[in-house]
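Please read these numbers as outputs of a predicted model, since none were measured by experiment. Chain A is the first sequence line, chain B the second, and so forth, proteins listed ahead of strands; every chain is numbered from 1. Both backbone and side-chain heavy atoms feed into the values below; hydrogens, waters and symmetry mates do not.
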Protein chains: 2
Amino acid sequence: MKNSELGTENKISQFIKRSKELGLKVTPQRIAIYRELAGSMQHPSTEMIYKNIKDYYPNISLTTVYRTLETFERMGLISVVNTLYHAARYDANMEPHHHVVCVKCKKIEDIYDDSIAYSELDPQIDNYKILGYSVLFSGICEECKTLNN
Amino acid sequence: MKNSELGTENKISQFIKRSKELGLKVTPQRIAIYRELAGSMQHPSTEMIYKNIKDYYPNISLTTVYRTLETFERMGLISVVNTLYHAARYDANMEPHHHVVCVKCKKIEDIYDDSIAYSELDPQIDNYKILGYSVLFSGICEECKTLNN
DNA sequence: GTCTCAAACCGCATGCCATGCAGAAAACTG
DNA sequence: CAGTTTTCTGCATGGCATGCGGTTTGAGAC
């Protein structure tokens, strides 16, 4: 085993332990999916994970990969980088500002708060040419809080 | 005209002026789409804008709304709240950290930088129950910078 | 080890979001 | 107001995601 994979194998042990605690069954598909994600630096999409697993696990179903990632995310084992991935959301307000999104109803509201600003915009992060940044808070809005009571 | 709409009409005048400067033709469809977006606090999706316009402009095409928003965004007249809207991207790393996305190749990389942290997580933003937040930088990665030269 | 059952998997159907294309319509220029 | 170029439209297509029903399998009980 390569040295770089030791961390991944440790994460998988943790994952199995945590799955059992959560009452989730540990299947070969789930281990393969988690291994692929934990061993990747790519923040992969469902299809990317599916394609990689297919190489050594040709019978796995794409639907399973979708469901499994959804389950892992719901149980807090993994996270989604882009919570608002379902459809493009537009904004005519070009002033610098931030957003808060309700995880229940997907409503987005503006936040104007200078203390959030990261004014020291470092143009050299990882050799990127940085064009901008945004802060996205997630939470539960007042209406959805009320509905859940 | 309602008072609250005065701001919107001002924005439309600015929009028309800016469109001409950019060499974009000013059409009734474009004005309707921009008005809908500028008058909304919803950060609407393409379909939401389309449905609202349909009420008073029944012949407009959904395809036009898609293309037009795309054009406006490309020309810098409006912006997309969620740049990574095409597909869910997952992350097994549950430690607090931030991301930088390349606008060209959609690659996502991690950023660990405590100075970005917004530790004073105000649980009362707009009466939301705040669950978390993330900072997303956008830019052009090293490979894509090289390719564009 | 075997039994049992709920959970998970699979594959297909379906639906939404988004874009390519080509002909028709309309906006700007002179 | 005629010509040119952009824009609009409607349909076809494709990717991402999820609902559903039948089959398989993991995990606890015995």
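Across all strands, Thr71(A) comes closer than 4.0 Å to no nucleic acid atom at all (heavy-atom distances). Using a 4.0 Å heavy-atom cutoff across all strands shown, Arg67(B) reaches at least one base atom of the nucleic acid. At the heavy-atom level, Thr27(A) lies under 4.0 Å from the strands shown only through sugar-phosphate atoms. Residue Leu62(B) is classed as having no contact, given no heavy-atom separation below 4.0 Å to the nucleic acid. Across all strands shown, Ser45(A) has no heavy atoms under 4.0 Å from either base or sugar-phosphate atoms.
Phe137(A) and Ile130(B) get closest at one heavy-atom pair: CD2-CG2, 4.0 Å.
Here dG10(D) presents its C1' atom at 12 Å from NZ of Lys54(B), a figure rounded to the nearest Å. Atom CZ in Arg89(B) sits about 16 Å away from atom C1' in dA17(D), given to the nearest Å. Following rounding to the nearest Å, Tyr66(B) (OH) and dG10(D) (C1') show an atom-to-atom distance of 15 Å. Distance CD (Glu73(B)) to C1' (dA18(C)): 14 Å, rounded to an integer number of Å.
For dC12(C), its base sits under 3.5 Å from the side chain of Thr63(A) at one donor and acceptor pair at least. With hydrogens and angles ignored, no donor-acceptor pair under 3.5 angstrom links the side chain of Lys25(A) to the base of dT25(D).
Distances shown here put a side-chain N or O of Gln29(B) below 4.0 Å from the OP1 or OP2 atom of dT9(D).
Atom CG in Leu77(A) sits 6.5 Å away from atom CZ in Arg18(A) (nearest 0.5 Å).
Taking the six-membered ring wherever Trp is involved, the centroid distance between the rings of Phe15(A) and Tyr34(A) falls below 6.0 Å.
The shortest side-chain heavy-atom distance between Ser79(B) and Tyr90(A) does not fall under the 4.5 Å cut-off.
Minimum atom distance to the side chain of Tyr85(A) is reached by dA17(D), of the listed dA17(D), dA18(C), dA8(C).
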